[in-house]
Structure formats: structure tokens, C-alpha cells
Amino acid sequence: MTRTLKALNYQVTVAKNFTDIDDKIIKKVQETGQSLEEITTHYIASYKSEMRALGVVDADIEPKATESLGAMESLIQKLIAKDIAYVVNSGDVYFDTSKDENYGSISHQVVDDEENQSRVEHNSEKRNPKDFALWKACSSEQDICFETSFSKGRPGWHVECSAMIEKHFEGTDEYSIDIHAGGADLLFPHHENEAAQSRCATGHELSKYWIHNGFVNINGEKMSKSLGNSFFIKDALKVYDGEILRNYLISIHYRNDFNFNEEDLLNSKKRLDKLYRLKKRVTPTKASKPNIKFQQAIMSAMSDDLNISKTLAIIEEMISNTNDKLDENPKDKGLKKETLANIEFLDALLGLGGKEPFSYFQIGIDEKTKNTIEALIEARNSAKIEKDYEKSDAIRDEISAMGIEIMDTAEGTVWERL
RNA sequence: GGAGCCAUCGCCAAGUUGGUAAGGCCGUAGAUUGCAAAUCUGCUAUUCACCAGUUCGAGUCUGGUUGGCUCCUCCA
């Protein structure tokens, strides 16, 4: 989405916040004796490196909850002053959902009686069952907590996000930010609560648009530790190149659930392979300007709620048209330059096709093996010239046993890793 | 129990305000090739879970049925 908006000439400021104060982190601090910062620095760094491997554009702003406590305190104070938030005896601060007329407008969840709740939480200190904690007073001296005017404690989850947004974005009279993204599972209560807090504290809406992405399932099942089917991006990155994973992950509309499985991944890799084979055919050359119709067709598809399927269909069409023309006229320099420009356009827009095409097909093969392969190909070509096909086929078998596929093209024999 | 999402070819998956089913994988028939691979071309859903309705016309709208999924407690 960021790349598409930028390609449409919007000025985009991307923020990703880290809620680096939470129960799990605090628990880990107590267990390991490491400082909170030591723990979060490690996870934030690995998150960033994985996102980069997947070709996700870096955020312009990366606020942390620990650096935004002042903003949280002032947001909560504003709400207390308006009697929309209230402090209870323990020192906890709750948001009174009944004070916000628009509560529920984002998730369409009705704020009603306890009977609608599957499991009713019994907290007599709350005014309404749907009220949520803005601030939690610390229970013991060992807890990680921060001093505020209302109590010593730590922020609730929802307020962390709202405060960081208010701190970094001035916004307009109507909205703080334009687009708020997140997983569909966060719609309620998290986004609803974020919106309510900001609306009540600032008098304007938090975000103009909310977008929610679907879930990732593994082979048709929800990813979970108890099912034993969970894995991390870093595990996948050990097996597959980041661009191949990106190509797969990007291939399904963001709002749909994503069913991760190896068969589909390999299928989508074949599509990327085709793009790179075309790039091989037009390399080396200098890129000119991308084809306008191609460019416009893709931008129009992406502008339509990021219609990636349509975009991929347009790319397929471009690839086969170009291959067709190159079959007819292999030396069409103008076409080669335009095609390379088309691929560069795709690299900027989708983060695909940016690698040197020959190396793309040789990812994970060391120099020594490469030399062996080259030598075998040379031997096979000599045998072919002598029309000793028995020998040349034997060599090809030997090469394919190494997991390498070779293809004889007009420009000579090239090889790819299977 | 409450709120919401989804169901299109063997598999993945598009489908704008209702107008007569994209694309990929697989399969298959060819062109090309010493043979392959790569590349190209043709073929592959009278039909969109099911039933009923609205309409000149529905995958697209309405009602219902069946099946699958998510959220509704803490935590982020």
C-alpha cells in the first residue's frame, strides 16, 4: 500500500509503533533479569531485519511506548478532566464507554448488557462491563511502573497506540491520521478503543480510514503453538529467499485470509521465475521508459483497493507478449529497453524483479559448485558439437542430479537451480 | 447467545454501478528443439454451495438453507 500510494505521488509518512510495555515483556524481565530495553531492542532489531528481507519499506517514524509516556499521561488526564475516564481505588484508570456516543461505530459491536458477552468479567470497580483500562496501577514494588499524577503504574494497551499517534501526527481538524492499518482480529476491542479514546480526548477522529488484513493460516489451520504448526518468518527465510516469500505473500488480497502452504508458494515462485527469465532475455541493456499502457493498467488495478490479482494478470500478459515478440525478433533493442524499464517499474511498485536475473536463479549455490556446473556445461556442449548425444545427455543427467536444470537458448546454454 | 466475514474450473484466485465467467498452476494437442528444458499457440467452468424471489437480464440484489471462519476474558 505504501509503495502504491507513493507511485500515485502521494506524500506518505509511515509510522509503525512498538508497544514495548506489556505483560509478556515484563514477565521476561523478571524471569531473565535482563532489562526491558535489552529484551525489546533484540526483538525490534530482528523484526526490522525480517521486514527488510521481505522487501517491506522502512517506516519513517517508529515510536516506542517507553518513549511516549508523557503523551499517554496527558491523554489520560484530558479524559479524566472530562469525566470520561475515572480512577478507581486501586489506582487503575478506566475509560467510561457509556460516555462516548460513537462507541462501536468502527467494529459495529453493540455496547450492551452482560448477556451478550460470552464470558463476563466480574470487576465491580468498573462502571460498565465494556469499560477498559487506560492505566494499571502497579501491584508490587518489583513491577515496572511509572509515576503519574493519578497513580504509579503502567499504560494499558490501547492508550499506548493512541498516544503515540497523537504525539507524532498533528493531523487535521477532522482526523489525526489518514489510514490506520492492522489485523482483522484487532478490530474489536483494540481499534474501537483507540478510536474512542482519541475522539473523546481530542475532539476529532483518530483516522479517516481503517483497513484490516486477514489471518495467516497454515495448511488450512489457524497458526498456533498448541497445534504445533507455527513458525516464524526467520524460519521461512532460511529456506526461501525473501523475494520469493514476498512474491507469495503479496499475491493474495490483503483482506482475505492467507492460507500458507508449500504448494502455493512453489506455484507463485513459478510466476516470479517467468519474470526473471524475461529479464534474462533483455539483459544486458539500458532501461528506457516503461510502456505507458502497461503502467497505467497496473496503477489502475492497484488503485482499485490494491487489486493484486488483476495486477498479476497484467504482468503475465506483458511477459507472454514480450516473449512472443522476442521469439519473432530476438534483437529488438527498443523492446528490450522498454521491457527492462517495465521490470524496474515493477520493482519500485511491488518490490519484485529487482535482482540481477542470473544470480536470481543461482541463489544458494556456492562458487565452487558454480564452476563445476560451468565446466560440465562446457563438456556437454563439446559433445553436442561432435553429435555425441549419448555423452551430452549423460552430462545433463549428472547436472540435473545436482538439482540444476539447463536450457539451450539462442544466446547459449543457461542454467537454473530447481 | 451477540456481531461480522466467506463459499467461483482438480488446485490458487479476479470479477467495477446486475448485461452474459480474468490470470496462474496442473492437464492436454501443436510450433520450436538431436532429445529435453525454456518460449509461443490452441483446448480445458452454458457455469459461480443449495433453494426461492426481484428483473428483459443475477456469480453480482433480496429472503432462506447448508458448510467454513473470525471477534465478543486477560495480554499485546
Side-chain angles (χ1 to χ4, degrees), chain A residues 17-27 65 104 107-123 129-130 132-133 136 155-158 160-161 182-192 212 214-215 217 220-222 248 251-253 255-259 261 263-274 277-278 280-281 300-301 303-305 307-328 330 361 383-385 387-390 392-393 396-397 399-400 404-411 413-416 418:
Chain A
N17 63 251
F18 294 101
T19 46
D20 58 349
I21 303 172
D22 93 307
D23 286 359
K24 282 176 193 157
I25 299 170
I26 291 169
K27 199 177 163 200
S107 65
H108 306 292
Q109 284 277 341
V110 276
V111 197
D112 51 15
D113 48 80
E114 302 193 359
E115 285 165 32
N116 279 353
Q117 294 191 257
S118 57
R119 281 151 289 189
V120 181
E121 173 195 11
H122 294 289
N123 184 335
K130 292 255 169 172
F132 54 89
K136 295 169 186 204
W157 168 33
H158 315 301
E160 296 185 18
C161 295
D185 52 336
L186 299 183
L187 177 55
F188 189 86
H190 185 231
H191 293 159
E192 192 67 62
H212 293 99
F215 296 102
N217 296 127
E221 280 182 317
K222 185 175 175 172
Y248 176 44
S251 70
I252 280 157
H253 188 82
R255 230 182 307 109
N256 290 162
D257 282 347
F258 190 101
N259 186 21
N261 68 80
E263 191 189 337
D264 290 350
L265 192 157
L266 261 24
N267 182 341
S268 88
K269 179 181 177 296
K270 286 180 185 173
R271 296 179 93 148
L272 225 209
D273 288 352
K274 287 207 278 188
R277 282 200 196 101
L278 178 63
K280 273 205 291 202
R281 288 189 83 172
S300 139
S303 301
D304 181 16
D305 197 17
N307 192 332
I308 189 67
S309 294
K310 210 171 190 175
T311 297
L312 293 178
I314 296 163
I315 295 172
E316 294 288 344
E317 201 183 335
M318 182 278 284
I319 293 175
S320 76
N321 280 342
T322 310
N323 271 322
D324 199 12
K325 284 183 196 158
L326 287 174
D327 281 353
E328 277 172 33
F361 288 106
K384 272 176 66 183
I385 290 165
K387 293 203 190 318
D388 186 351
Y389 295 124
E390 217 166 285
S392 71
D393 288 350
R396 184 167 60 199
D397 289 343
I399 294 171
S400 66
I404 303 297
E405 187 164 61
I406 57 175
M407 27 199 99
D408 297 327
T409 72
E411 292 84 32
T413 304
V414 294
W415 59 274
E416 295 178 3
L418 282 177

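Below, chains carry the letters A, B, ... as their sequence lines are ordered, and counting in each starts from 1.
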>> Show, in sequence, the C-alpha distance, side-chain angles and deciding distance for A:Leu312 and A:Ile315, and conclude whether the side-chain contact (heavy atoms from CB on, under 4.5 Å) test is met.
In response: CA-CA 5 Å; A:Leu312 293 178; A:Ile315 295 172; 4.3 Å; yes
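When rounded to the nearest whole Å, the span between CG of A:Asp273 and P of B:C25 equals 11 Å. Spacing between atom NZ of A:Lys130 and atom P of B:C71 amounts to 14 Å, rounded to whole angstrom units. We find that CD1 of A:Ile252 is positioned 16 Å from P of B:G24, with the value rounded to whole Å. If you measure from atom NE2 of A:His191 to atom P of B:C72, you get 13 Å, rounded to the nearest angstrom. Straight-line distance from the NZ atom of A:Lys269 to the P atom of B:C26: 12 Å, rounded to whole Å. With rounding to whole Å, A:Ile314 atom CD1 is found 13 Å from B:G15 atom C1'. Atom pair A:Asn217:CG and B:C6:P shows a separation of 16 Å (rounding to whole Å applied). The nearest whole Å value for the distance from the CZ atom in A:Arg271 to the P atom in B:A22 is 15 Å.
The separation of B:U28 from B:G10, taken at their C1' atoms, amounts to 14 Å, rounded to a whole angstrom. B:G2 sits 35 Å from B:G19 when the P atoms are compared, rounded to a whole Å. Rounded to whole Å, the separation between the C1' atoms of B:G18 and B:A29 comes to 38 Å.
Judged by Watson-Crick or G-U wobble contacts below 3.5 Å, the nucleotide B:C74 has no partner. Nucleotide B:C43 forms a Watson-Crick or G-U wobble pair with B:G27, both donor-acceptor distances falling under 3.5 Å.
For A:Asp327 and A:Arg281, the salt-bridge test passes: some basic side-chain N is under 4.0 Å from an acidic carboxylate O.
Heavy atoms only, all atoms of each residue included: A:Arg255 and A:His212 are closest at CG-O, 3.4 Å.
The closest side-chain heavy-atom distance from A:Asp273 to A:Phe361 is below 4.5 Å. The side-chain heavy atoms of A:Arg396 and A:Ile406, taken from C-beta on, include a pair separated by under 4.5 Å. By the 4.5 Å heavy-atom criterion applied to side chains, A:Lys130 and A:Glu192 are not counted as neighbours.
Among the atoms of the strands shown, base atoms are found under 4.0 Å from some heavy atom of A:Asn267. Counting non-hydrogen atoms under 4.0 angstrom, A:His253 reaches the backbone sugars and phosphates but no base. Counting non-hydrogen atoms under 4.0 angstrom, A:Leu266 reaches nothing in the nucleic acid. Using a 4.0 Å heavy-atom cutoff across all strands shown, A:Asp304 reaches no nucleic acid atom at all.
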>> Output one letter per nucleotide in nucleotides 31-40 of chain B: B when a protein non-hydrogen atom lies under 4.0 Å from the base, S when only the sugar-phosphate is that close, - when neither is.
In response: ---BBBBSSS
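OP1 or OP2 of B:C26 sits under 4.0 Å from a side-chain N or O of A:Lys270. Neither OP1 nor OP2 of B:A13 sits under 4.0 Å from any side-chain N or O of A:Asn307.
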